[in-house]
A.B. asks: 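To start, I am sharing the structure in question, which I have written as structure tokens.
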Amino acid sequence: MLKSMTGFARADVSSKLGKLNLEISSINKRFLETNIYLPKILVSFEQDIKKEIEKKISRGQLSLRFEFFPNEENMDLLLPNTLFLKNLKRGWEKLSKELGFKKEEITLEFLLSQTRYLPDEKIKDATGFKKLLLEVLDIALSNIVVMKEKEGKILSIDIEKRLLKIGQALVLINKRMPVSKKNYEDKLKARFEELLKEKELFGERLLKEAAIFADKIDVTEEIVRLESHIKQFLSMLKSKEDIIGRKLDFLVQECLREVNTIGSKSLDVFISKKVIDIKAELEKIKEQIQNIE
């Protein structure tokens, strides 16, 4: 099923350890990129989080923000080590005395600003925390995948409508081609006949060349290839394959190449207008594809 790369989801899970909240947002990106914001107590689980993300999402830029609210009996999990703070205070007081600073300047606020130097404590209940984290992550990822699929369905419907318009334009170009070719050949013949009335043999040769040139402006092959690309496009949109964004991007480039060739070959105003219409739809499809996983 086609999936969008944009989405948002949140989840909240509680356990005996406390409550864990998670918000996930996703925007389009060529490859998978994750930005994870974790409370210090959960930092050691970052690689586990990335592995779980890779199981469900393949492309896009994801931001995950975790918030942990411990139960009352576990409140000390968010507090720095008291013994270490006491030792840190004594050390700074001694240093301040040696440097001539006031002892009163070593406040709690100052000490907390130095917490980046605090040693990391091992989590007492690593299994419990990991279970809590993976549970909230699973719920949030499932929710964002559902949203991405809904967005993908909307994108698919819009792209199908545009492909239908392109197909209709190609039918009209096909119908116009014999007339366009005949008109161009007649114009060339008329012009050559006017210029070469006195050189009959040479004139006949040029008229044959004119007919050959008229064949060269025929775009039947390009139309056939473009129609084939459109069928393939529609087939891929309806496939059960999840990750098709890059394939669709390649396909739309091939479609643009064919329609550009049709435009460069055509000397017919009607066909040129239809080419412009097709290119406009393809450009819109190209924009939509940038948001497909």
Side-chain angles (χ1 to χ4, degrees), residues 1-11 13 22-38 45-66 130 133-167 170 225-260 278-293:
M1 180 182 290
L2 189 148
K3 290 187 290 190
S4 166
M5 277 194 281
T6 58
F8 175 83
R10 63 169 292 119
V13 174
L22 169 58
E23 286 188 353
I24 302 180
S25 59
S26 175
I27 58 175
N28 60 331
K29 194 82 173 180
R30 189 174 181 185
F31 302 103
L32 179 61
E33 180 181 311
T34 55
N35 299 309
I36 303 172
Y37 304 94
L38 284 164
F45 298 113
E46 185 169 343
Q47 290 304 316
D48 296 295
I49 294 170
K50 288 183 177 180
K51 287 178 182 178
E52 291 302 311
I53 292 171
E54 290 170 1
K55 290 177 183 177
K56 294 189 176 182
I57 297 174
S58 59
R59 294 178 70 200
Q61 181 177 315
L62 273 71
S63 293
L64 293 85
R65 192 172 296 276
F66 292 83
K130 185 174 181 179
L133 186 144
L134 293 180
E135 185 178 350
V136 75
L137 182 61
D138 181 65
I139 294 170
L141 285 175
S142 296
N143 289 341
I144 200 171
V145 167
V146 169
M147 184 176 181
K148 284 154 66 73
E149 287 175 349
K150 287 180 179 178
E151 292 278 338
K153 188 173 182 180
I154 293 170
L155 288 173
S156 181
I157 291 170
D158 181 74
I159 292 172
E160 282 186 33
K161 287 179 180 178
R162 297 189 186 283
L163 290 172
L164 180 61
K165 289 181 181 179
I166 292 171
L170 287 176
R225 283 195 293 269
L226 190 49
E227 287 174 336
S228 175
H229 292 332
I230 291 171
K231 286 179 182 178
Q232 190 178 353
F233 219 116
L234 289 168
S235 177
M236 289 176 67
L237 289 176
K238 295 175 182 178
S239 72
K240 294 182 180 180
E241 190 176 351
D242 287 334
I243 307 163
I244 60 172
R246 292 177 190 170
K247 293 180 180 179
L248 292 179
D249 186 53
F250 171 77
L251 202 52
V252 80
Q253 297 295 342
E254 290 297 299
C255 290
L256 281 167
R257 190 165 66 87
E258 297 298 343
V259 78
N260 281 332
I278 292 173
K279 287 180 70 173
E281 295 299 333
L282 284 173
E283 288 296 337
K284 290 173 184 175
I285 290 173
K286 187 178 178 181
E287 289 177 14
Q288 298 283 46
I289 288 172
Q290 301 309 309
N291 200 31
I292 293 175
E293 189 173 336

A.B. asks: Under the salt bridge (Lys or Arg N to Asp or Glu O under 4.0 Å) test, which residues partner K231, sequence neighbours left out?
C.D. replies: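 Residues passing salt bridge (Lys or Arg N to Asp or Glu O under 4.0 Å) with K231: none at all.
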
A.B. asks: State which residues pass side chain to side chain contact (heavy atoms under 4.5 Å, CB included) with S4; sequence neighbours excluded, sorted by chain then number.
C.D. replies: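 Counting only residues at least two positions away or on another chain, S4 forms a side chain to side chain contact (heavy atoms under 4.5 Å, CB included) with T6, E151, L155, N291.
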
A.B. asks: Can you list every salt bridge (Lys or Arg N to Asp or Glu O under 4.0 Å) pair that touches residues 246-255, not counting sequence neighbours?
C.D. replies: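 Applying salt bridge (Lys or Arg N to Asp or Glu O under 4.0 Å) to every pair that reaches into residues 246-255, excluding sequence neighbours, yields E241-K247, E254-R257.
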
A.B. asks: Yes or no on side-chain contact (heavy atoms from CB on, under 4.5 Å) for L2 and L248, after CA distance, side-chain angles and deciding distance?
C.D. replies: CA-CA 11 Å; L2 189 148; L248 292 179; 4.3 Å; yes

A.B. asks: Got a second to check how far S228's OG is from R225's CZ, nearest 0.5 Å?
C.D. replies: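 Those atoms lie 10.0 Å apart.
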
A.B. asks: For K240, give me all partners under side-chain hydrogen bond (donor to acceptor under 3.5 Å, both in side chains), at least two apart in sequence or on another chain.
C.D. replies: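 None.
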
A.B. asks: With R30, which residues qualify under side-chain hydrogen bond (donor to acceptor under 3.5 Å, both in side chains), at least two apart?
C.D. replies: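 With neighbours one apart ignored, the set is empty.
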
A.B. asks: Rounded to the nearest 0.5 Å, what's the gap from CG on L133 to CG on D138? Could you check?
C.D. replies: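 Here the rounded value is 11.0 Å.
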
A.B. asks: Quick one: closest heavy-atom pair of F8 and I144, and the distance?
C.D. replies: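 Looking at all heavy atoms of both residues, the closest pair is N-CG1, 3.8 Å.
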
A.B. asks: When you compare the side chain of L137 with that of L64, does any pair of heavy atoms fall below 4.5 Å?
C.D. replies: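 Yes, at least one pair of side-chain atoms sits under 4.5 Å.
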
A.B. asks: Give every donor-acceptor pair under 3.5 Å between a side-chain atom in residues 278-289 and any protein atom, sequence neighbours left out.
C.D. replies:
from, atom 1, to, atom 2, distance (Å)
K279, NZ, N260, OD1, 3.0
E281, OE1, R162, NH1, 3.0
Q288, NE2, D158, OD2, 2.8

A.B. asks: How long is the straight-line distance from CG of L251 back to CD1 of I230, given to the nearest 0.5 Å?
C.D. replies: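 Output value for this atom pair is 9.5 Å.
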
A.B. asks: Could you report the tightest heavy-atom contact between L62 and S26, atom names first, then the distance?
C.D. replies: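 Closest approach of L62 to S26, heavy atoms only: CD1-OG, 3.7 Å.
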
A.B. asks: Are the side chain of S156 and the backbone N or O of K153 linked by a donor-acceptor pair below 3.5 Å?
C.D. replies: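 Here the side-chain-to-backbone pair does not exist.
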
A.B. asks: With rounding to the nearest 0.5 angstrom, report the CD1 to OG distance, I53 to S58.
C.D. replies: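 The OG atom of S58 is 12.5 Å from CD1 of I53, to the nearest 0.5 Å.
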
A.B. asks: Would I49 and L38 satisfy side-chain contact (heavy atoms from CB on, under 4.5 Å), going step by step from the backbone distance to the final call?
C.D. replies: CA-CA 10 Å; I49 294 170; L38 284 164; 3.8 Å; yes

A.B. asks: Compare every heavy atom of A9 with every heavy atom of A140, then report the nearest pair and how far apart it is.
C.D. replies: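 Of all heavy-atom pairs spanning A140 and A9, the closest is O-CB, 3.5 Å.
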
A.B. asks: Can you tell me how far apart CD (E46) and CZ (F66) are? Round to the nearest 0.5 Å.
C.D. replies: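 Interatomic distance, E46 CD to F66 CZ, rounded to 0.5 Å: 9.5 Å.
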
A.B. asks: Working to the nearest 0.5 angstrom, can you tell me the gap between E258 CD and L256 CG?
C.D. replies: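 Here the rounded value is 10.5 Å.
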
A.B. asks: Looking only at non-hydrogen atoms, find the nearest pair between I244 and M236 and report the distance.
C.D. replies: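 So the minimum-distance heavy-atom pair works out to CD1-O, 3.5 Å.
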
A.B. asks: Show your reasoning for whether side-chain contact (heavy atoms from CB on, under 4.5 Å) applies to I139 and L22.
C.D. replies: CA-CA 9 Å; I139 294 170; L22 169 58; over 6 Å; no

A.B. asks: With side chains defined as the heavy atoms from C-beta onward, is the minimum distance between F233 and I159 less than 4.5 Å?
C.D. replies: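 Yes. Closest side-chain heavy atoms under 4.5 Å.
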
A.B. asks: Between I57 and L32, what is the shortest heavy-atom contact and its length?
C.D. replies: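 Closest pair (atom of I57, atom of L32, distance): O-CD2, 3.6 Å.
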
A.B. asks: Determine the minimum heavy-atom distance between K148 and R59, stating which atoms define it.
C.D. replies: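 Of all heavy-atom pairs spanning K148 and R59, the closest is NZ-O, 4.4 Å.
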
